[in-house]
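Throughout, a chain's letter reflects where its sequence line sits, starting with A, and its residues are numbered from 1.
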Amino acid sequence: MAQAKYTTHLGMVDILPDEIRKWHYLENLIHEEAAKFNFEEIRTPIMEQTELIVRGLGQLSDIVSKEIFSFSRGEDNYVLRPELTAPVVRAYIQNHLDQRGGSQKLYYMGPMFRAERPQKGRQRQFHQFGLEVLGSSDAVADVEIIAFMIHICDKIGIKNTTLKLNSIGNPESRNSYKEALKTHLKPNFEKMSEVSQKRFEKNPLRILDSKEEEDQPFIESAPVITDFLSDESFSHYNKVKEYLADLEIPFEEDPYLVRGMDYYTETAFELISPDLGAQDALAGGGRYDLLVEEIGGQPTPAVGFAAGMERLFIACEELGIELGSEKKVDVYIVTLGEAARKWGVAQLPKIREKGLSATMDYKGRSMKAQMKDANRENAQFAIIVGENELNEGKFTFRDMKESEEELLTMDDIIKNLSVI
RNA sequence: GAGCCCGUAGCUCAGUAGGUUAGAGCGCCAGGUUGUGGCCCUGGAGGCCGGGGGUUCAAAUCCCCUCGGGCUCCCCA
């Protein structure tokens with residue numbers, strides 16, 4: 001077990017060839033579907049300034065207070081990105097993307113880093129993809145974002161998800177709600193769990209998230225944030241629900257859904273899967289109308305979401321869904337002897353030119369070993385060449401699936417291959 | 001930061017009243033078939049039994065420490 005001298009860091013894993021095909025599948029799917037939604041990809045650096053993340057997500061958020069990988073070099077503070085909303089907003093401001101006109105519809109995918117204790121569905125380096133719409137306050141934007149998220153799950157075959165929806169309004173209504181909540185909880189402060197007591201002053205909304213037994217009675221009787229929404233927030237929320245209904249996207253209102261980052265406003269949502277175990281969030285997001293300004297841009301309404309790619313794979317596994325195609329190669333050239341080998345290497349490019357994949361043995365092994373290898377590589381055809389073939393100028397062209405073969409000139413073989 | 005569980009071949013795992021050269025299946029390599037894969041048969045390679053210390057005539061097995069991993073709480077993707 002402890003053979004390898006060097007290993008990956010805790011919570012960071014290699015993605016090996018045997019599992020890469022499902023990654024390619026998902027990545028391609030996201031590119032294709034995002035294009036259909038008319039979103040454009042944006043790629044930002046893996047590292048950002050620490051200050052951006054701290055300001056963006058909030059000093060008190062769990063991510064910033066205990067989960068970021070950061071270091072400094074000279075005057076500069078670096079942080080490995082823990083999420084991509086703040087960096088995308090940074091890029092939006094820095095590159096004046098608002099000047100492209102209209103709403104900016106952006107998507108991304110890539111690795112994120114959080115220094116947490118790993119467990120099922122949670123790694124220190126993990127991958128997300130996400131969409132962001134900058135410059136629209138319209139409920140259509142919220143709904144398109146949600147629709148995309150669900151669309152991807154549908155395409156993959158993950159259908160038993162639950163969309164949880166809430167609105168946390170603007171900061172004013174949220175503050176008055178906080179006060180009401182505190183007034184409600186205060187008489188029972190002593191009876192609440194330790195964690196909840198700690199949250200009471202700094203972030204009472206999070207108490208609603210508590211899973212502690214002793215907190216439940218107080219949570220159930222607590223006032224509901226949607227009763228505190230401004231007229232504007234209320235009508236925005238209603239439109240979101242209306243449009244979702246029009247799209248026949250089922251959702252579950254959860255007045256206690258509160259998300260971790262400080263930048264969220266108005267609509268908040270999460271996509272939950274029962275197949276994930278303890279970490280059941282497949283994706284999450286919401287509106288962040290104040291973030292652009294907070295980071296130094298013009299006031300710009302925005303909405304987005306991020307989904308965990310590894311979590312999608314876990315859900316697939318639980319559901320018995322296999323993503324990606326089988327490993328295969330179109331042609332395997334089996335050679336006997338040095339002259340045949342020399343001939344074989346020269347044929348590979350001719351086959352590849354036709355848009356097919358081709359390979360041969362790299363180890364100079366026996367014919368049997370080469371045939372075995374061709375089988376393992378899931379080759380569709382084998383071209384077998386030895387002295388006889390070289391002398392006659394006709395080569396054994398074998399269909400590996402049908403176990404049928406015939407002698408053909410290389411030109412005829414290429415012709416045959418062109419039709420498959 | 002806290003709790004629970006687990007470390008024996010590349011993988012999945014057998015192997016304790018402590019006892020000579022540590023096993024199986026799969027995978028890998030080779031042979032059976034000196035020019036034909038998938039099935040079958042035979043053989044081979046591959047382990048300081050995670051590491052260190054202790055008890056003992058004797059430790060994969062018992063004790064202590066340590067490292068690594070998994071899961072859970074918190075929180076999130």
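Using a 4.0 Å heavy-atom cutoff across all strands shown, A:Arg376 reaches sugar-phosphate atoms only and no base atom. Residue-level contact check: A:Glu310 touches neither bases nor backbone, having no heavy atom under 4.0 Å from any strand. The residue A:Asp280 sits close to a base: some heavy atom pair falls under 4.0 Å. Among the protein residues, A:Leu312 comes within range of no part of the nucleic acid, since none of its heavy atoms lies under 4.0 Å from any strand. A:Gln123 comes within 4.0 angstrom of a base, heavy atoms only. At the heavy-atom level, A:Glu83 lies nowhere under 4.0 Å from the strands shown. Across all strands shown, A:Gly121 has heavy atoms under 4.0 Å from base atoms, whether or not it also approaches the sugar-phosphate. Nucleic acid contact for A:Glu389: base, since at least one base atom lies under 4.0 Å from a heavy atom of the residue. At a threshold of 4.0 angstrom between heavy atoms, the contacts of A:Lys368 include nucleobase atoms, whether or not backbone atoms are also involved.
Comparing A:Gln128 and A:Thr396 along RNA chain B, the residue whose closest nucleotide (by nearest heavy atom) sits nearer the 5' end is A:Thr396. Mapping A:Ser366 and A:Ile63 onto RNA chain B via the closest heavy atom, the residue that lands nearer the 5' end is A:Ser366.
Under 4.0 angstrom from either OP1 or OP2 of B:C74 there lies no side-chain N or O belonging to A:Arg122. For the pair A:Gln119 and B:U72, the criterion of a side-chain N or O lying under 4.0 Å from OP1 or OP2 is met. For B:G37, neither phosphate oxygen OP1 nor OP2 lies less than 4.0 angstrom from any side-chain nitrogen or oxygen of A:Gln370. Not one side-chain nitrogen or oxygen of A:Arg117 sits closer than 4.0 Å to the OP1 or OP2 atom of B:G70.
The base of B:G35 lies close enough to the side chain of A:Asn388 for a donor and an acceptor atom to sit less than 3.5 Å apart. Interface remark: the A:Thr7 side chain does not form any donor-acceptor pair with the B:G68 base, using a distance-only criterion of under 3.5 Å.
Between A:Tyr288 and A:Glu294, the side chains place no donor N or O within less than 3.5 Å of an acceptor N or O (distance only, hydrogens not considered). With hydrogens and angles left out, the side-chain atoms of A:Glu33 and A:Tyr107 include no donor and acceptor closer than 3.5 Å. A:Ser357 and A:Asp330 form a side-chain donor-acceptor contact under 3.5 Å, judged by distance and modelled atom types alone.
The partner of B:C40 is B:G32, by the rule that a Watson-Crick or G-U pair needs both atom distances under 3.5 Å.
Residue A:Lys239 places its NZ atom among 12 or fewer non-hydrogen atoms of other residues, nucleotides or ligands, all under 6.0 Å distant.
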